[in-house]
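All of these numbers come straight from a predicted model, not from anything done at the bench. Every chain is numbered from 1, with letters handed out A, B, ... down the list of sequences. The figures that follow rest on heavy atoms only: side chains count, while hydrogens, waters and symmetry mates do not.
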Amino acid sequence: MDDQTRMLASMAGLGGLSQADVSDPDSVRKQQSLGQPPQDIGDILQQIMAITDESLDEAQARKHALNCHRMKPALFSVLCEIKEKTVLSIRGVQEEDPPDPQIMRLDNMLLAEGVSGPEKGGGSAAAAAAAAAAGGSPNDGSIEHSDYRAKLAQIRQIYHSELEKYEQACSEFTNHVMNLLREQSRTRPISPKEIERMVAIIHRKFSSIQMQLKQSTCEAVMILRSRFLDARRKRRNFNKQATEVLNEYFYSHLSNPYPSEEAKEELAKKCAITVSQVSNWFGNKRIRYKKNIGKFQEEANLYAVKTAVDAANVSAQASQANSPATPNSGGYPAPCYTPDGRL
DNA sequence: GGCGATGATTGCAG
DNA sequence: CTGCAATCATCGCC
C-alpha cells in the first residue's frame, strides 16, 4: 500500500521531477510529510505548456526516455492492478444497446421507397403502387412516373454516396483511435475490452449521424411523393380533342347537361380520361357556364353550328332535314347572338 | 410575373 | 351518392 502510494506520487510528478527525484521516492515522502505538495501545480502546468513548444523530436525523445525508464515496468504493473479493480465497476455500467426503433422505422421506410434496397425494382414498384393508389390518369402517368423515378434515383444516389462517406469516415476514425490506443497501451494499461468499448462508442456516434441522414432522406422522399402524387399538383389540361368531345356533348345537351353513367363512360373512353374526370369536367362546366353564360356564348355558338352541320350531314345522307340536336326546354339557357354578349 | 383558364378537391345539401 | 358552390393549385398565354 505504501509502496503503491509512493509510486503513484512519483508518477504524478513525473514530468516535473528529475530522474534523481524519481529514483528517490523518499524525497517525495519527505516533501509530503512536511505538508507540501509533491510539486507546485503551476510548475506542472508550465511543463505541460512547454511541451507544445518542444519540437517533435524532443517529444519523441522524452517519450522514449519514459518508456525506457527503469521504474516503468513497476509502475505499469501497479497501474494494471488498479485498472483491474476499476474495470470491474465499469463492467456493470456496460449496456447492450438494442436496435433503435426509430432507426428501424427509417430503415423500413427507405427500403419500402426503394432508396436503400436493391438498385432496380423496389423504387419503380413503390412508385407504381403509389401512382396506382393516387388513381393517376393513364395518358400522363408514364411521364409523371419517369420523372418521379428520376428524382427518386437522384435522392438514392445522394443518400448512398453520403452513407459511404460516413462509413468511410467512421472506419478511418475508428482505425485512428485504435492505433492511438494501441500506441498508448505501451505506457498505460488498456484492455482489448476497453478498445472494443471505445469502438462501440464511436460507432454509436456515427450511427446517430447516419440517422440524421436517413431522416432527411425520408423527408425528401415524402416531399417528392406529395409533389408528384398529389393529384392537384399534377394537373394537366385535357388535350384539344378531349375538350372538343366534352364540349360537343355539353352544348348539344344544354337543356340537360347531365350525362348518364353510360354516357360518362363513353365520353371517358373517347377522351382517354377517367369517368370521375368526366364528372369533374361537367360539374365545372355547368357551374361556370351558369355563372357567366355571356362568356361562353361564342363557344356555345361554335358548337351549336358544329352539331348543326353534323346533323345536316346526317340528314343529308338520310335525304331528310331534321331539327337540330339541341333540345332546349327546362335546361340551361341556350346562347343567342346578342352583340353585348348578354341574354 | 400577372392573370385568366382549368382540372381537382372540399364542404354542404338533398 | 350526386350535384352545387367555393376554393385551391397549376397551366399557359401575354
**Asked** Does a salt bridge link A:K165 with A:E162, judged by any charged N lying under 4.0 Å from a carboxylate O?
**Response** yes

So does [X] get a side-chain nitrogen or oxygen closer than 4.0 Å to the phosphate oxygens (OP1/OP2) of [N]?
{"X": "A:K291", "N": "C:dA6", "answer": "yes"}
{"X": "A:R236", "N": "B:dG7", "answer": "no"}
{"X": "A:Q277", "N": "B:dA8", "answer": "yes"}
{"X": "A:Y289", "N": "B:dT6", "answer": "no"}
{"X": "A:N280", "N": "B:dA8", "answer": "yes"}
{"X": "A:K264", "N": "C:dG3", "answer": "yes"}

Using whole Å, what does the distance between atom [atom2] of nucleotide [N] and atom [atom1] of [X] come to?
{"X": "A:E244", "N": "B:dT6", "atom1": "CD", "atom2": "P", "value": "13 Å"}
{"X": "A:F250", "N": "B:dT6", "atom1": "CZ", "atom2": "C1'", "value": "14 Å"}
{"X": "A:W281", "N": "B:dG7", "atom1": "CH2", "atom2": "C1'", "value": "12 Å"}
{"X": "A:F238", "N": "B:dA5", "atom1": "CZ", "atom2": "P", "value": "18 Å"}
{"X": "A:K285", "N": "B:dA8", "atom1": "NZ", "atom2": "P", "value": "15 Å"}
{"X": "A:I287", "N": "B:dT6", "atom1": "CD1", "atom2": "C1'", "value": "15 Å"}
{"X": "A:K290", "N": "C:dA6", "atom1": "NZ", "atom2": "P", "value": "9 Å"}
{"X": "A:N284", "N": "C:dG3", "atom1": "CG", "atom2": "C1'", "value": "12 Å"}

**Item:** Gap between atom CZ of A:F173 and atom CE of A:M178 - 0.5 Å precision
**Value:** 13.0 Å

**Residues A:R182 and A:N179: side-chain donor-acceptor under 3.5 angstrom** = yes

**Item:** Pair of N/O donor and acceptor under 3.5 Å linking B:dA5 base with A:N237 side chain
**Value:** no

**Message:** Determine whether a donor-acceptor pair (one donor, one acceptor, N or O, separation below 3.5 Å) exists between the side chain of A:R288 and the base of B:dG7.
**Reply:** yes

**Request:** Tell me whether the centres of the aromatic rings in A:F250 and A:Y303 are closer together than 6.0 Å.
**Result:** no

**Prompt:** In chain order, what residues pass the salt bridge (charged side-chain N to carboxylate O under 4.0 Å, His left out) check against A:K285, with sequence neighbours excluded?
**Reply:** A:E299

**Message:** Using the salt bridge (charged side-chain N to carboxylate O under 4.0 Å, His left out) criterion, which residues pair with A:E265? Sequence neighbours excluded.
**Reply:** none

**Message:** Please report the end-to-end axis angle for the helix from B:dG1-C:dC14 to B:dG14-C:dC1, five pairs per end, rounded to 10 degrees.
**Reply:** 10°

**Asked** Can you tell me if A:S260 uses its side chain to pair, donor with acceptor, with the backbone of A:A263 under 3.5 Å?
**Response** yes

